[in-house]
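For ligands, and for the atoms within them, numbers begin at 1 and follow the listed sequence. Here the structure is a predicted model, which is why all the values come from computation and not from measurement. Along the sequence shown, residues are numbered consecutively beginning with 1.
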Amino acid sequence: MNNRYGLIYEGKAKKVFSHNDVDKVIIEFKDDATAFNALKKAKFEGKGKLNCLISARIFEHLVKNNIPNHFIELKNENTMIAKKIKVIPLEIVLRNTAYGSLCKQTTIKPGTTLSKPLIDFYLKNDSLNDPLITKDRIELMNIISSKDLEIIVDLTLKINGILKSFFRNIQLQLVDFKLEFGYDLKNSILLGDEISPDNCRLWDLNQKDDTIVSLDKDRFRNDLGGLIDAYSEINQRINDFI
Ligand code: TMP
Ligand code: ASP
């Protein structure tokens, strides 16, 4: 990225730079992958580009479905221009099917279809290891008002409906996903971050039996290999569909 742009923030998978317009930022998607709060680290050439392109297409689809989000346009294949937001330090996870930490922390068996979507809140705080947090604790910490939390829950459920059918159309099961929200300069709530195989679990529906084939970051988390092939497959299916 050109030095003209000042680095505002560097996360595990993205860098955020300033833009000439004060209400915009430039987001560069990195090839780095981390898991388990960066205990595990690797680099996958081309991951940044794939996540940027996949996220851009999904954000466009969400805008068409009236979900406000920060995406403005692609700058190049691994960089997007987005609205500047003040990120709310919460990770909102929605689960349709039990997997991952839900199965490690409860007696629910992996692969169980949940009778209704489960929403889990996590505090976005690396030094505390992003702990699971309750609505009451969110209120206690004054992170956001309960009214705004309700807006976020409502948006997350709507996004789930839209994304579930979007992915079903391309033969993918949306198991779970993580969202982040923020406030724009007018104090409206916008969806931020990314929507990609880094923060969604996506299972291939093109299977004759019940075998789980993950086309997402579980390929790295669980040492399955083939991460770039999986992400490329998703990008290809989206492009063939749109
Ligand atoms: P979990 O089962 O590990 O709690 O993950 C649930 C979903 O949230 C899964 O799609 C991966 C995503 N996720 C992130 O995007 N970032 C994170 O830091 C974690 C822990 C999960
Ligand atoms: N993004 C998280 C991390 O590094 C974890 C994950 O996605 O599993 O650490």
**Q** What residue and heavy atom of the protein are closest to atom 7 (C) of ligand 1, and at what distance?
**A**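 That would be Asp176 OD1, 3.6 Å.
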
**Q** Trp203 pairs by side-chain contact (heavy atoms from CB on, under 4.5 Å) with which of Asp216, Thr211, Leu215?
**A**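 The residue from Asp216, Thr211, Leu215 that satisfies side-chain contact (heavy atoms from CB on, under 4.5 Å) with Trp203 turns out to be Asp216.
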
**Q** Can you find a protein heavy atom closer to atom 11 (C) of ligand 1 than 4.0 Å?
**A**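 Under 4.0 Å from atom 11 (C) of ligand 1, at least one protein heavy atom found.
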
**Q** Should you measure from each heavy atom of Arg201, which atoms of ligand 1 turn up under 4.0 Å away?
**A**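 Within the 4.0 Å cut-off of Arg201, ligand 1 contributes 1 (P), 2 (O), 3 (O), 5 (O), 6 (C), 9 (C), 10 (O).
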
**Q** Any heavy-atom pair between the side chains of Phe181 and Ile85 that's under 4.5 Å?
**A** no

**Q** Taking atom types as modelled and ignoring hydrogens, do the side chains of Tyr99 and Asp218 form a donor-acceptor contact shorter than 3.5 angstrom?
**A**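 Side chains of Tyr99 and Asp218: no pair found under 3.5 Å.
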
**Q** Judged by non-hydrogen atoms, does Lys104 sit under 4.0 Å from ligand 1?
**A**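 It does not, in that no heavy atom of Lys104 comes within the 4.0 Å cut-off of ligand 1.
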
**Q** Starting from atom 21 (C) of ligand 1, locate the nearest protein heavy atom and write down its residue, its atom name and how far away it is, to 0.1 Å.
**A** Arg221 NH2, 4.5 Å

**Q** For Ala38, counting its heavy atoms only, list the atoms of ligand 2 lying under 4.0 Å from any of them.
**A**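 By the 4.0 Å cutoff, the relevant atoms are 3 (C), 4 (O), 9 (O).
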
**Q** Starting from atom 17 (C) of ligand 1, find the nearest protein heavy-atom neighbour and note its residue, name and distance.
**A** Glu91 OE1, 3.8 Å

**Q** Can you tell me which residue and heavy atom of the protein come closest to atom 5 (C) of ligand 2, and the distance to 0.1 Å?
**A**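 Among all protein heavy atoms, the one nearest atom 5 (C) of ligand 2 is Phe36 N, 3.7 Å.
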
**Q** How close does the nearest protein non-hydrogen atom get to atom 8 (O) of ligand 1, and which residue and atom is it?
**A**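 Here the nearest protein heavy atom works out to Lys178 CB, 3.5 Å.
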
**Q** Measure the distance from atom 1 (N) of ligand 2 to every protein heavy atom, then report the residue, atom name and distance (to 0.1 Å) of the closest one.
**A** Lys217 NZ, 3.5 Å

**Q** Does some side-chain heavy atom of Lys75 sit less than 4.5 Å from a side-chain heavy atom of His19?
**A**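 Of all side-chain heavy-atom pairs linking Lys75 with His19, none is under 4.5 Å.
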
**Q** Begin from the C-alpha positions of Ile212 and Val175 and carry the test side chain to side chain contact (heavy atoms under 4.5 Å, CB included) through to its verdict.
**A** CA-CA 11 Å; Ile212 293 170; Val175 172; over 6 Å; no

**Q** So do the side chains of Phe59 and Ile67 get within less than 4.5 Å of each other, counting heavy atoms only?
**A**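 No, their side chains stay 4.5 Å or more apart.
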
**Q** So, Glu60 and Arg57, do they make that salt bridge, N to O below 4.0 Å?
**A**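 Looking at Arg57 together with Glu60, the answer is yes, because their closest N to O distance falls below 4.0 Å.
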
**Q** May I ask you to identify the nearest protein heavy atom to atom 8 (O) of ligand 2, giving residue, atom name and distance to one decimal place in Å?
**A**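 Here the closest protein heavy atom is Arg221 NE, 2.7 Å.
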
**Q** At the 4.0 Å heavy-atom cut-off, does Phe36 count as touching ligand 1?
**A** no

**Q** Is there a nitrogen or oxygen of Thr34 sitting under 3.5 Å from a nitrogen or oxygen of ligand 2?
**A**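 Right, the criterion is met.
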
**Q** How about Lys158 and Asn66: do any of their side-chain heavy atoms sit closer than 4.5 Å?
**A**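 A side-chain contact is absent here, since even the closest heavy-atom pair is not under 4.5 Å.
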
**Q** Take Arg237 and Asp204, measure what salt bridge (charged side-chain N to carboxylate O under 4.0 Å, His left out) needs, and give me the verdict at the end.
**A** CA-CA 11 Å; Arg237 286 192 201 180; Asp204 194 5; 3.0 Å; yes

**Q** Do Gln173 and Thr113 make a side-chain contact, defined as non-hydrogen atoms from C-beta onward lying under 4.5 Å apart?
**A** no

**Q** Closer than 4.0 Å to some heavy atom of Gly100 - which atoms of ligand 1 meet that?
**A** 2 (O)

**Q** Can you list the atoms of ligand 1 that are under 4.0 Å from a heavy atom of Ser101?
**A**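 Close to Ser101: 1 (P), 2 (O), 3 (O), 4 (O).
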
**Q** If the cut-off is 4.0 Å to any non-hydrogen atom of Tyr122, which atoms of ligand 1 fall inside it?
**A** 4 (O)

**Q** The test is salt bridge (charged side-chain N to carboxylate O under 4.0 Å, His left out); show your working for Glu28 and Lys30 and say whether it passes.
**A** CA-CA 6 Å; Glu28 184 183 299; Lys30 305 197 290 186; over 6 Å; no

**Q** Need the ligand 1 atom indices (1-based, order shown) with element for anything under 4.0 Å from a heavy-atom of Arg95.
**A**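 Near Arg95, the atoms of ligand 1 are 1 (P), 2 (O), 4 (O), 6 (C).
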
